[in-house]
Amino acid sequence: QVQLVESGGGLVQAGGSLRLSCAASGRAFSNYVMGWFRQAPGKEREFVVAISRSGGVTYFADSMKGRFTMSRDNAKNTVYLQMNSLRPEDTAVYYCAATQRVGVRSERSGYDYWGQGNQVTVSS
């Protein structure tokens, strides 16, 4: 089992950058595929990006390509979401998620563990 804690959110102006972190406790972090999702007010939780166990593969939602980057440091049990050129429509609660199932994936049901969420607000 793994526990996930996100940090790094906050308020930023449009065009700015933020880096979210997700620290995992528990054993064998490198056995987990990790993902980021987000949920804007009144909307469904949507997939942002996932990363493979080794960090060698990332899989983005089409709409997220180009501005966001996901990475992981298995020695620190942490994944990161670097967000650049932020827009007001990026305002949401961002969640990290983990699964021991093989392969990067975008469906919510494919993840077994979730963080508590971290608010990101982008002002215009």
Side-chain angles (χ1 to χ4, degrees):
Q1 208 169 17
V2 64
Q3 292 80 44
L4 305 173
V5 178
E6 302 100 336
S7 61
L11 175 64
V12 63
Q13 287 189 329
S17 298
L18 278 176
R19 188 177 80 157
L20 302 182
S21 300
C22 174
S25 61
R27 293 187 288 183
F29 175 70
S30 59
N31 286 347
Y32 291 86
V33 168
M34 302 295 295
W36 285 99
F37 290 73
R38 69 183 188 183
Q39 187 166 17
K43 294 190 176 181
E44 298 269 326
R45 192 173 299 186
E46 65 175 343
F47 171 71
V48 177
V49 60
I51 194 166
S52 63
R53 297 171 178 181
S54 67
V57 175
T58 51
Y59 172 51
F60 283 88
D62 287 342
S63 60
M64 310 297 174
K65 291 178 182 176
R67 298 186 297 121
F68 292 2
T69 303
M70 185 175 186
S71 60
R72 69 189 294 161
D73 186 338
N74 285 344
K76 295 182 178 180
N77 283 13
T78 303
V79 294
Y80 305 96
L81 180 65
Q82 177 68 42
M83 304 183 291
N84 300 324
S85 302
L86 283 162
R87 305 165 180 166
E89 53 265 39
D90 294 317
T91 294
V93 177
Y94 285 71
Y95 297 88
C96 78
T99 180
Q100 286 185 295
R101 305 177 204 197
V102 174
V104 290
R105 57 196 61 241
S106 61
E107 68 278 11
R108 287 177 55 182
S109 60
Y111 291 85
D112 304 300
Y113 306 99
W114 292 83
Q116 82 286 354
N118 202 229
Q119 178 70 47
V120 170
T121 303
V122 184
S123 63
S124 57

Problem set entry | Non-neighbouring partners of Glu44 that pass side-chain contact (heavy atoms from CB on, under 4.5 Å), sequence neighbours left out | Arg108
Exercise. Would Arg105 and Tyr111 satisfy side chain to side chain contact (heavy atoms under 4.5 Å, CB included), going step by step from the backbone distance to the final call?
Worked result: CA-CA 8 Å; Arg105 57 196 61 241; Tyr111 291 85; 3.5 Å; yes
Exercise. How many angstroms lie between CG in Leu18 and OH in Tyr94, if you round to the nearest 0.5 Å?
Worked result: 9.0 Å
Exercise. Any side-chain heavy-atom pair from Gln13 and Ser123 closer than 4.5 angstrom?
Worked result: yes
Exercise. Applying the 4.5 Å side-chain criterion to the ILVMFWY set and letting contacts propagate, would Trp36 and Met64 be lumped into a single cluster?
Worked result: yes
Exercise. Any sub-3.5 Å donor-acceptor pair from Thr91's side-chain atoms to Val122's backbone N or O?
Worked result: yes
Exercise. Can you tell me how far OG1 of Thr58 sits from CZ of Arg72, rounded to the nearest 0.5 angstrom?
Worked result: 12.0 Å
Problem set entry | Shared hydrophobic cluster for Trp114 and Leu81 (ILVMFWY, side-chain gaps under 4.5 Å) | no
Under 3.5 Å donor-acceptor pairs involving side-chain atoms of residues 95-104, not counting sequence neighbours:
{"from": "Thr99", "atom 1": "OG1", "to": "Arg101", "atom 2": "N", "distance (Å)": "3.0"}
{"from": "Thr99", "atom 1": "OG1", "to": "Gly110", "atom 2": "O", "distance (Å)": "3.1"}
{"from": "Thr99", "atom 1": "OG1", "to": "Asp112", "atom 2": "OD2", "distance (Å)": "3.1"}
{"from": "Arg101", "atom 1": "NH2", "to": "Asp112", "atom 2": "OD1", "distance (Å)": "2.8"}

Exercise. Same hydrophobic cluster for Leu20 and Tyr59, using side-chain heavy-atom links shorter than 4.5 Å among ILVMFWY?
Worked result: no
Exercise. OH of Tyr113: more than 12 outside heavy atoms within 6.0 angstrom?
Worked result: yes
Exercise. Is the side chain of Glu6 donor-acceptor paired with the backbone N or O of Cys22 at a distance under 3.5 Å, no angle test?
Worked result: no
Exercise. So do Arg38 and Met83 actually touch side chain to side chain, heavy atoms under 4.5 Å?
Worked result: no
For this session: Supply the atom-to-atom distance Asn77 CG to Tyr32 OH, rounded to the nearest 0.5 angstrom.
Result: 10.5 Å
Seminar exercise, completed: CD of Glu46 to OG of Ser106, rounded to nearest 0.5 Å, is 11.5 Å
Problem set entry | Under 3.5 Å donor-acceptor, Asn118 side chain and Gly9 backbone | yes
For this session: Kindly confirm or rule out a cation-pi arrangement of Arg19 over Tyr80, judged by NZ or CZ under 6.0 Å from the six-membered ring centre and within 45° of its axis?
Result: yes
Exercise. Applying the 4.5 Å side-chain criterion to the ILVMFWY set and letting contacts propagate, would Leu86 and Phe37 be lumped into a single cluster?
Worked result: no
Exercise. Passes side chain to side chain contact (heavy atoms under 4.5 Å, CB included), Val48 versus Phe68? Steps please.
Worked result: CA-CA 9 Å; Val48 177; Phe68 292 2; 3.6 Å; yes
Exercise. Which atom names give the shortest non-hydrogen contact between Pro88 and Ala14, and what distance separates them?
Worked result: CD-CB, 4.1 Å
Exercise. Taking atom CZ of Phe29 and atom NZ of Lys76, what is their separation to the nearest 0.5 Å?
Worked result: 12.5 Å
Exercise. Transitively linked via ILVMFWY side-chain contacts under 4.5 Å: Val79 with Val5?
Worked result: no
Exercise. Can you check whether Asp90 reaches Val120 side chain to side chain, under 4.5 Å on heavy atoms?
Worked result: no
For this session: With sequence neighbours left out, write down each residue that passes side-chain contact (heavy atoms from CB on, under 4.5 Å) with Ser17, or none if nothing qualifies.
Result: Gln82, Asn84
Problem set entry | Atom pair OG1 (Thr69) and CZ (Phe60), whose distance is rounded to the nearest 0.5 Å | 5.5 Å
